[in-house]
Participant: 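One structure, pasted below without further comment.
Only this structure's heavy atoms are used, side chains among them; waters, hydrogens and symmetry mates stay out.
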2 protein chains.
Amino acid sequence: MTLKTHNHKDELRDVALKATPARMAILDFLEKEHRPVDVPALLSYLTKSDIDIDQATVYRILDKFYKGNIIKRLEFQEGKFRYEITHTDDHHHLICEQCGAIEDISDCGIEVLEKEINKKKKFLVKRHSLEFFGVCAVCQR
Amino acid sequence: MTLKTHNHKDELRDVALKATPARMAILDFLEKEHRPVDVPALLSYLTKSDIDIDQATVYRILDKFYKGNIIKRLEFQEGKFRYEITHTDDHHHLICEQCGAIEDISDCGIEVLEKEINKKKKFLVKRHSLEFFGVCAVCQR
DNA sequence: CTTCGTGCAAAATGTTTGCAGTTTC
DNA sequence: GAAACTGCAAACATTTTGCACGAAG
């Protein structure tokens with residue numbers, strides 16, 4: 001069992017955001033889901049949880065969370081964004097193009113590459129996106 | 001000087017696509033531009049070149065090209081797609097968040113990682129996306 | 001009580017589709 | 001001439017915005 005030093009309220013206070021029911025529910029959902037979620041999924045969860053919320057509000061909340069570095073914003077070549085809780089480790093995703101399964105992968109050793117880029121190209125890397133698309137183990141059978 | 005074994009007409013015939021003026025112009029533009037372009041940029045170029053084309057047609061052409069592997073489809077966290085001619089080398093991009101400059105970078109050594117993923121996770125990688133966001137040399141000054 | 005957050009409606013942006021007419025091979 | 005391609009208009013999906021009301025600290 002891990003020691004939880006922060007709850008959602010603290011998390012929000014840390015970035016000067018008020019702890020509203022909608023925000024708490026969104027954090028709950030993002031934490032519960034073990035994959036990056038899109039806005040439709042978020043909305044349908046909120047509706048099912050009897051939280052009546054407008055999509056505009058959801059986008060505004062996600063924007064605040066993103067800017068406060070509480071969540072990450074990802075693109076899986078779908079023409080829309082997905083969001084996931086910011087974790088301490090730098091991980092990426094394996095996206096199965098057949099069933100849509102999303103696996104995590106860590107330790108891609110990309111920091112080395114970033115340093116090299118900085119040295120060779122004088123480009124200061126702030127963040128990167130790295131996703132793999134293919135066929136998962138189950139779909140290969 | 002490099003030997004050009006293929007022109008645009010051949011390129012299209014190779015993937016069973018008819019060589020129409022619009023398609024030739026789009027290939028011209030994508031070849032001329034040294035950065036991944038979005039649809040608005042493509043449309044404005046075509047208009048300036050007195051090629052009257054509907055956006056629906058542009059999207060349909062890009063779709064065909066993408067499926068024929070003539071072009072690549074990229075996302076730079078902008079909520080839209082960008083396209084570039086498919087090159088033989090596997091390169092990625094450094095995107096300056098301040099001025100929008102896009103530099104190429106090669107030899108990221110990601111094939112090694114893909115093989116590892118295949119072995120460890122039994123996930124068959126077909127393609128990947130890797131982009132770096134940060135500040136370019138000019139904007140750092 | 002002031003600032004921040006939300007709902008509602010509308011719009012902006014990017015992309016896709018149906019269908020009738022046109023072009024390419 | 002058949003199949004592929006295109007224009008037009010409309011629809012669709014995602015995301016953003018203005019404004020008035022409501023809630024949190």
Participant: List every contact pair, protein side and nucleotides 21-25 of chain D side both N or O, where the distance is under 3.5 Å.
Facilitator:
none

Participant: Does A:H92 have its ring centroid less than 6.0 Å away from the ring centroid of A:F132?
Facilitator: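 Not close enough - the centres of the two rings lie 6.0 Å or further apart.
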
Participant: Could you tell me how far apart A:K64 (NZ) and C:dT3 (C1') are, to the nearest whole angstrom?
Facilitator: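 The answer, rounded to whole Å, is 11 Å.
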
Participant: When you check the phosphate oxygens OP1 and OP2 of C:dG5, does a side-chain N or O of A:R23 lie under 4.0 Å from one of them?
Facilitator: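 Checking C:dG5 against A:R23, a side-chain N or O does come within under 4.0 Å of OP1 or OP2.
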
Participant: Between A:G100 and A:R35, what is the shortest heavy-atom contact and its length?
Facilitator: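 Nearest heavy atoms, A:G100 then A:R35: O-NH1, 3.7 Å.
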
Participant: In this structure, are over 12 heavy atoms from other groups packed under 6.0 Å from B:D52 atom CG?
Facilitator: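 Counting neighbours around CG of B:D52, 12 or fewer heavy atoms of other residues, nucleotides or ligands fall under 6.0 Å, so no.
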
Participant: Assign each of B:D54 and B:P40 to its nearest nucleotide of DNA chain C by heavy atoms, then name whichever residue's nucleotide is nearer the 5' end.
Facilitator: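 That would be B:P40.
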
Participant: Please report, rounded to the nearest Å, how far the P atom of D:dT6 is from the CG atom of B:D52.
Facilitator: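 To the nearest whole Å, that distance equals 13 Å.
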
Participant: Could you state the CG-P distance from B:L42 to C:dT15, rounded to the nearest angstrom?
Facilitator: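 My rounded result for the distance is 11 Å.
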
Participant: Could you walk me through whether B:H8 and B:E31 satisfy the side chain to side chain donor-acceptor pair (under 3.5 Å) test, starting with their C-alpha distance in whole Å, then the side-chain angles of each, then the deciding distance to 0.1 Å, before giving a yes or no?
Facilitator: CA-CA 10 Å; B:H8 291 162; B:E31 192 139 282; 3.3 Å; yes

Participant: With a 4.0 Å cut-off on heavy atoms, is B:A56 in touch with a base, just the backbone sugar-phosphate, or nothing at all?
Facilitator: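 If one applies the 4.0 Å heavy-atom cut-off, B:A56 turns out to touch a base.
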
Participant: Can you tell me how far C1' of C:dT6 sits from CG of A:L46, to the nearest Å?
Facilitator: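 My rounded result for the distance is 14 Å.
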
Participant: Looking at the side chain of A:F81, which of C:dT6, C:dT15, D:dT15 is the nearest nucleotide?
Facilitator: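 The answer is D:dT15, which lies nearest to the side chain.
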
Participant: Can you say whether a donor on the side chain of B:R60 sits under 3.5 Å from an acceptor on the base of C:dG18, or the other way round?
Facilitator: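 When only heavy-atom distances are counted, B:R60 does reach the base of C:dG18 through a donor-acceptor pair under 3.5 Å.
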
Participant: Check the pair A:E103 / A:H93 against side chain to side chain donor-acceptor pair (under 3.5 Å), numbers first and verdict last.
Facilitator: CA-CA 6 Å; A:E103 270 186 87; A:H93 305 91; over 6 Å; no

Participant: Find the distance B:K80:NZ to D:dT16:C1' and express it as a whole number of Å.
Facilitator: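 Going from NZ in B:K80 over to C1' in D:dT16 covers 15 Å.
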
Participant: Indicate the ring-plane relationship of B:F76 and B:F133, choosing parallel, tilted or perpendicular according to the 30° and 60° boundaries.
Facilitator: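 Rings of B:F76 and B:F133: perpendicular, over 60°.
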
Participant: Between atom CG in A:L62 and atom P in C:dG5, what is the gap in whole Å?
Facilitator: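 Between P of C:dG5 and CG of A:L62: 14 Å.
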
Participant: Return the 5'-most residue of the pair B:L17, B:Q55 with respect to DNA chain C, ranking by each residue's nearest nucleotide.
Facilitator: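 The answer here is B:Q55.
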
Participant: Which heavy atom of B:Y59 sits nearest to which heavy atom of B:V39, and what is that distance?
Facilitator: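 B:Y59 and B:V39 have their closest heavy atoms at CE2-CG2, 3.6 Å.
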
Participant: Taking only N and O in the side chain of B:Y59, is any of them less than 4.0 Å away from OP1 or OP2 of C:dT16?
Facilitator: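 For B:Y59, the contact criterion (side-chain N or O under 4.0 Å from OP1 or OP2 of C:dT16) is not met.
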
Participant: Just the rounded figure in Å: distance from C1' of D:dT6 to CD1 of B:I51.
Facilitator: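 Spelled out: CD1 on B:I51 to C1' on D:dT6 is 14 Å.
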
Participant: Output the rounded distance in Å from CG (A:D38) to C1' (D:dT14).
Facilitator: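 Roughly 10 Å, once rounded to whole Å.
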
